[in-house]
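Below is one structure, written out as structure tokens; the observations come after it.
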Amino acid sequence: MGLSNRDPDRSTPEAPHRRYNPLTDEWVLVSSGRTKRPWLGHTESPDSEEAKPYDPQCYLCPSNLRASGATNPAYESTTAFTNDFPALSPTVKPSRHLDGLLASETLAGTCRVVCYSPRHDLRLSHMEEKDIVRVVEMWQAETAELGKTYRWVQVFENNGAAMGASNPHPHGQIWAGTALPTLPAREDKTQKSYFQKRGTLLLLDYLVQEHSSNRVVIANEHWIALVPYWATWPFETMLVPRTPTRRITEVNGTRLVSLAAVVKELLTLYDNLFEHPFPYSMGWHGAPHDDTPSSHWQLHAHFYPPLLRSATVRKFMVGYELLAEAQRDLDPEEAAARLREASAQHYTSRIKR
Ligand code: H2U
Ligand code: ZN
């Protein structure tokens with residue numbers, strides 16, 4: 001089936017339709033206008049905004065004791081340590097097991113925790129750009145180092161209790177392993193087959209098509225943040241460099257500084273949307289660290305925030321999503337417009353003091 005020819009810039013809600021995600025080879029059902037239905041269900045408890053610069057109970061604050069008994073260094077900038085409760089172990093020997101339909105394989109790996117800042121109360125959106133540069137440099141250093149041993153290095157952040165973050169101290173995680181996980185494997189396959197057919201990069205062709213579309217949220221000289229045509233989560237965005245880039249380790253100089261600026265601006269727009277710290281999961285996808293050709297890869301970050309209508313009403317991926325396919329109630333175009341309209345000046349700097 002061919003892709004829809006409908007005008008992507010129309011302003012009236014459309015009839016229910018499905019959109020194709022060429023990166024994951026999946027479809028999403030778009031049912032505009034359903035966000036107006038009454039809601040008597042679960043509401044989130046928004047995260048408290050009362051965090052202190054230092055919390056003696058916090059296992060990530062400088063010089064504090066962690067659950068393992070280790071003591072954090074008196075760090076003054078971004079720092080990283082090996083997770084005390086890792087999901088992967090570096091000492092596992094590779095093996096495969098197949099018994100009819102029962103297939104398994106072992107994998108070696110490691111898990112790291114990245115403390116973005118010594119300050120317990122600073123979200124990424126509140127950090128200064130020069131300090132966000134340090135975070136990106138840490139993602140790069142960890143990716144370069146872990147990529148020497150592991151095929152896939154997943155940099156990610158769970159932010160806010162709604163996304164399972166265990167602590168308000170600004171932090172992210174890195175899991176690295178010898179296997180290529182399911183979702184990156186799918187993106188590897190789709191980008192490779194696109195590149196083999198056309199000789200161009202799927203995501204860069206997509207950026208050309210989206211140039212000045214109503215789904216673009218932020219565009220600077222080096223980066224574009226947009227709500228993808230095929231976005232699943234209500235305010236999902238993707239952040240893509242405008243020139244061919246396979247991995248985060250290739251982002252240097254002014255592109256690195258401008259990445260920090262875009263990350264800060266995007267997260268500020270999220271926080272401003274409901275004038276509340278906006279929960280999200282985010283992470284980076286780039287070429288796997290193996291010997292296979294990787295020129296079909298374009299680096300990108302996904303931001304998956306769960307909130308739908310307010311700081312307390314989230315999107316649940318439940319019945320239809322679990323049993324049929326992903327579904328969204330809010331047009332990606334409307335989501336992008338609402339993000340663009342949220343001021344780039346953080347709401348706390350406007351309403352506090
Ligand atoms: P999340 O907030 O995304 O859960 O990340 C925090 C991680 O920090 C989590 O994976 C680890 C947890 O295992 N952790 C430690 O490594 N040491 C500790 O003392 C507590 C938490
Ligand atoms: Zn802390």
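Quantities reported herein were computed from a predicted structural model and do not represent experimental measurements. Both counts, for ligands and for their atoms, begin at 1 and track the order of listing. Because only heavy atoms are used, hydrogens play no part in the values below, and waters and symmetry mates are left out as well, while side chains stay in.
A salt bridge links R215 to E210: at least one charged side-chain nitrogen sits closer than 4.0 Å to a carboxylate oxygen. Using a 4.0 Å cut-off between charged side-chain N and carboxylate O, R134 and E137 make a salt bridge.
In this structure, a donor-acceptor pair under 3.5 Å is present between the side chains of S294 and R246.
Residue-to-ligand polar distances place N83 within reach of ligand 1: an N/O pair is separated by less than 3.5 Å. The shortest N or O to N or O distance between V113 and ligand 1 is not under 3.5 Å. In terms of polar-atom proximity, defined here as any N/O pair under 3.5 Å, T82 makes no such contact with ligand 1. Looking at ligand 1, you'll find an N or O of Q173 within less than 3.5 Å of one of its N or O atoms. Distances between N or O atoms of H171 and those of ligand 1 include at least one value under 3.5 Å.
In this structure, of C58, A67, P168, the residue bringing a heavy atom nearest to atom 19 (O) of ligand 1 is A67. Among L60, D84, V114, the residue whose heavy atom sits closest to atom 18 (C) of ligand 1 is D84.
Among heteroatoms of the N, O or S kind in H120, ND1 lies nearest the Zn ion (ligand 2). Looking at H169 and the Zn ion (ligand 2) together, the shortest N, O or S contact belongs to ND1.
Under 2.8 Å from the Zn ion (ligand 2) lies an N/O/S atom of C61, whether from backbone or side chain.
Between L88 and Y150 the shortest side-chain heavy-atom distance does not fall below 4.5 Å.
At least one test fails for R18 against the ring of Y20: distance under 6.0 Å to the centre or angle within 45° of the axis.
F274 has its ring centre no less than 6.0 Å from the ring centre of H276.
Counting protein heavy atoms only, atom 4 (O) of ligand 1 is closest to S166 OG, 3.3 Å.
Smallest separation of non-hydrogen atoms from S31 and Q327: OG-NE2, 3.2 Å.
The environment of W175 atom CH2 is sparse: at most 12 non-hydrogen atoms of other residues, nucleotides or ligands sit within 6.0 angstrom.
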Derivation and outcome, salt bridge (Lys or Arg N to Asp or Glu O under 4.0 Å), residues K315 and E321: CA-CA 11 Å; K315 164 75 181 170; E321 289 86 348; 2.6 Å; yes

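Listed by number with element, the atoms of ligand 1 under 4.0 Å from a non-hydrogen atom of N158 are 3 (O). The distance from ligand 1 to the heavy atoms of Y59 drops below 4.0 Å at these ligand atoms: 18 (C), 19 (O), 20 (C), 21 (C).
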